[in-house]
Asks: 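Got a structure here, written out as structure tokens. Questions coming.
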Amino acid sequence: MPVRSIALVDCNNFYVSCERVFRPDLQNKPVIVLSNNDGCAVSRSNEAKALGVKMGVPVFQIRDLVKEHGIEVFSSNYVLYADMSNRVMTLLRQFAPDQEIYSIDESFLELTGLPNIAELMQTVREQVKRDTGIPVCVGVGPSKTLAKLANFVAKRHPKSKGVFNFNTLTSQQMSSVLRNIPTEEVWGIGRKLTAALNDMGIVNVLQLRDADVPSLRKRFGVVMEKTIRELRGEACIEFEDVTPSKQQIINSRSFGNMVTELADLEDALSHFVSNAAKKLRDQNSVANMLQIFILTNRFRQDQEQYSPHLAIPLITPTANTMTLQKYALQGLKVIFRAGYHYKKAGVILSDISNASVYQADMFASVPEKPELMQTLDRINQRYGKGTLKLSLDGSRHSWKMRQENKSPEYTTNWNELPVCD
DNA sequence: TCTCCGATTAGAC
DNA sequence: CTAACGGTCTAATCGGAGA
């Protein structure tokens, strides 16, 4: 049996890189991309990182820095990023017998048994860059956790030329690399666990790898045990080549402006239900439970807070937008209180099962018309999202999110292509 | 006492 | 002009309710 080789391919500063593909003038300039509603910085170019822009910092806190250094600021353009991601993932798939798409900008590849891995991974980098414009780095190891860690090394050390492979190291080299990586860089070790481990004197990855498993498991649980075993080279987090269907679908948004009117919340919730139900139908599922919530702004200490939540069990499991909207709006009337400034609302579809399996409720009084939903989805598929909507769906503007610096949808929308002279 | 549930926590990106 | 801090998702764990 050859040693297990798993690669983790990760796009560099993905959202920023997507923007740069269509704005080559922004190469070597500080650039950031913001979260929804233009809230926080969620992607930063290396130049922006060097200026001290931290991951997740609210933009209003770095206003001076942005101005002083001319940092280029973009609202997030998910249509563009999703399309660029597809292009990258499609290319990557051709290099390995198995692929797991882990996130919008990361993919695991199964390389076990393939010859010349170092060379192959350089080819991957060159081809992805050439064909999509996106720079990527590759980490390779005997487990997913080590592959991710190798990727971290590849990103941080220019000497690695974008590829780092733990499987080619001697055990001394391995130890010395791990000793120089702080614990918090390990996949699965977040803020809380880092603090707890540091308190115990475990500050680098080598110490974590060689720590006593039974006592750490007792204190922190199974996940910690798996992490340590993965660091020792034992693959215990399986490769998931088929994406499992979602157990819960959430659609929620912060509003661009405070909302006080019931009618605006109705409009927003109808819109969220419509998005969530579409996702549910796309995975051929039905939901047994609908939950709705509305929230005031938790950062405004000077304002009265009110954040109710309502769970609505459905008599018959459904994916029908109209049925779900009806219940959502009934529920909203129950929890809505006038006089508050609402900042966010959302819906959750849960208790999800497969649509083809469920038994129709013989006592349901109003028969549903699933064909209507299919037709709606098909028309929107052919002519573009939002071509056809139900009447209760996002027509009021007041709650819509802020997006003041969004780039064009270069790759998916003719109408947004910049005009050339 | 066991099991099932919802709520809470932690983490990832 | 002012106010301004994201959105989904999963898994583990815990405590209470009910069997």
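Letters A, B, ... mirror the listed sequences (proteins, then strands); counts begin at 1.
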Asks: If you pin Gln248(A) and Gln303(A) to their nearest nucleotides in DNA chain C, which one's is more 5'?
Replies: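 Going by which nucleotide is closer to the 5' end, it is Gln303(A).
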Asks: Kindly say if Ser35(A) contacts the phosphate of dC5(C), meaning a side-chain N or O under 4.0 Å from OP1 or OP2.
Replies: no
Asks: Whole angstrom is fine here: how far is it from CG in Leu34(A) over to P in dG6(C)?
Replies: 11 Å
Asks: Just call it for Asp38(A): base, sugar-phosphate, or nothing, with non-hydrogen atoms closer than 4.0 Å on any strand.
Replies: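 The answer is nothing, as Asp38(A) stays clear of every strand by at least 4.0 Å.
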Asks: Can you tell me the Watson-Crick or wobble partner of dA3(C), both distances under 3.5 angstrom?
Replies: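 By the stated definition (distances under 3.5 Å), nothing pairs with dA3(C).
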Asks: Using a 4.0 Å heavy-atom cut-off, does Ile104(A) contact any base of the nucleic acid, only the sugar-phosphate backbone, or nothing at all?
Replies: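 No contact.
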Asks: Measure from CZ on Arg63(A) to C1' on dT2(C) and round the result to the nearest Å.
Replies: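 Taking CZ of Arg63(A) and C1' of dT2(C), I get 10 Å after rounding.
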Asks: What's the NZ-P distance between Lys344(A) and dA4(C), to the nearest Å?
Replies: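 Between P of dA4(C) and NZ of Lys344(A): 16 Å.
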Asks: Does OP1 or OP2 of dA12(B) have a side-chain N or O of Ser103(A) closer than 4.0 Å?
Replies: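 Checking Ser103(A) against dA12(B): no side-chain N or O falls below 4.0 Å of OP1 or OP2.
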Asks: Over how many whole Å does the gap from Phe220(A) atom CZ to dT9(B) atom C1' extend?
Replies: 14 Å
Asks: Quick check for you: among dG6(C), dA4(C), dT10(C), whose closest atom lies nearest to any side-chain atom of Val42(A)?
Replies: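 Of the options given, the side chain of Val42(A) lies nearest dG6(C).
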Asks: For Val186(A), report the nucleic acid contact type (base, sugar-phosphate, nothing); a contact means any heavy atom under 4.0 Å.
Replies: sugar-phosphate
Asks: Could you check whether Val222(A) gets within reach of a base, just the sugar-phosphate, or nothing at all, counting any heavy atom under 4.0 Å?
Replies: sugar-phosphate
Asks: Determine the minimum heavy-atom distance between Leu290(A) and Ala328(A), stating which atoms define it.
Replies: CD2-N, 3.7 Å
Asks: Are Glu100(A) and Asp241(A) close enough, and set up right, to give a side chain to side chain contact (heavy atoms under 4.5 Å, CB included), and what steps lead you there?
Replies: CA-CA 5 Å; Glu100(A) 174 186 337; Asp241(A) 40 2; 5.6 Å; no
Asks: Is the phosphate of dA3(C) approached by Arg300(A) (side-chain N or O, under 4.0 Å from OP1 or OP2)?
Replies: no
Asks: Rounded to whole Å, how long is the line connecting atom CD of Glu185(A) with atom C1' of dG11(B)?
Replies: 14 Å
Asks: Of all the nucleotides listed (dC5(C), dG11(B), dC13(B)), which has the minimum atom distance to the side chain of Lys192(A)?
Replies: dG11(B)
Asks: Measuring from atom CG of Leu269(A) to atom OG of Ser274(A), what distance do you get when rounded to the nearest 0.5 angstrom?
Replies: 12.0 Å
Asks: Regarding Thr168(A) and Asn165(A), is there a side-chain donor-to-acceptor distance under 3.5 Å anywhere?
Replies: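 Per modelled atom types, Thr168(A) and Asn165(A) side chains form no pair under 3.5 Å.
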Asks: Would you mind classifying the nucleic acid contact of Arg402(A) as base, sugar-phosphate or nothing, using non-hydrogen atoms under 4.0 angstrom?
Replies: nothing
Asks: Which whole-number value in Å describes the distance from Asn297(A) CG to dA4(C) P?
Replies: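 Answer to the nearest Å: 6 Å.
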Asks: Taking only the side-chain heavy atoms of Tyr102(A) (C-beta and beyond), determine which of dC13(B), dT8(C), dG11(B) contains the nearest atom.
Replies: dC13(B)
Asks: What's Leu193(A) touching, base or sugar-phosphate or nothing? Going by heavy atoms closer than 4.0 Å.
Replies: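 The residue Leu193(A) makes sugar-phosphate contact but no base contact.
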Asks: Let's see if you can work this out: which of dC13(B), dT10(C), dG6(C) has an atom nearest to the side-chain heavy atoms of Asn36(A)?
Replies: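 Among the listed nucleotides, the one closest to the side chain of Asn36(A) is dG6(C).
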Asks: Indicate whether any N or O donor in one side chain lies under 3.5 Å from an N or O acceptor in the other, for Asp83(A) and Thr411(A).
Replies: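 Their side chains do contain a donor-acceptor pair, which is all the 3.5 Å distance test asks for.
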Asks: For the side chain of Phe60(A), counting heavy atoms from C-beta on, which of dA10(B), dG7(C), dC5(C) is nearest?
Replies: dC5(C)
Asks: Going by atom types alone, do Tyr81(A) and Glu19(A) pair a side-chain donor with an acceptor below 3.5 Å?
Replies: yes
Asks: Would one find a side-chain N or O of Asn251(A) under 4.0 angstrom from OP1 or OP2 of dT8(C)?
Replies: yes
Asks: What's the CE-C1' distance between Met258(A) and dC5(C), to the nearest Å?
Replies: 11 Å
Asks: Give a yes/no answer on whether the side chain of Gln247(A) brings an N or O atom under 4.0 Å of OP1 or OP2 in dT8(C).
Replies: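 So the side chain of Gln247(A) is outside the cut-off, no N or O lying under 4.0 Å from OP1 or OP2 of dT8(C).
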Asks: Are the ring of Phe299(A) and the base ring of dC5(C) both nearer than 5.5 Å at their centres and tilted by less than 30°?
Replies: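 Aromatic stack with dC5(C) present for Phe299(A).
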Asks: Pairing donors with acceptors under 3.5 angstrom, does anything connect the side chains of Asn13(A) and Ser45(A)?
Replies: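 No, Ser45(A) and Asn13(A) have no side-chain donor paired with an acceptor closer than 3.5 Å.
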Asks: Hey, which sits more toward the 5' end of DNA chain C by its nearest nucleotide, Glu240(A) or Lys343(A)?
Replies: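 Comparing both residues, the 5'-ward one is Lys343(A).
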Asks: Return the value, rounded to whole Å, for the distance between atom CD of Gln291(A) and atom C1' of dT8(C).
Replies: 14 Å
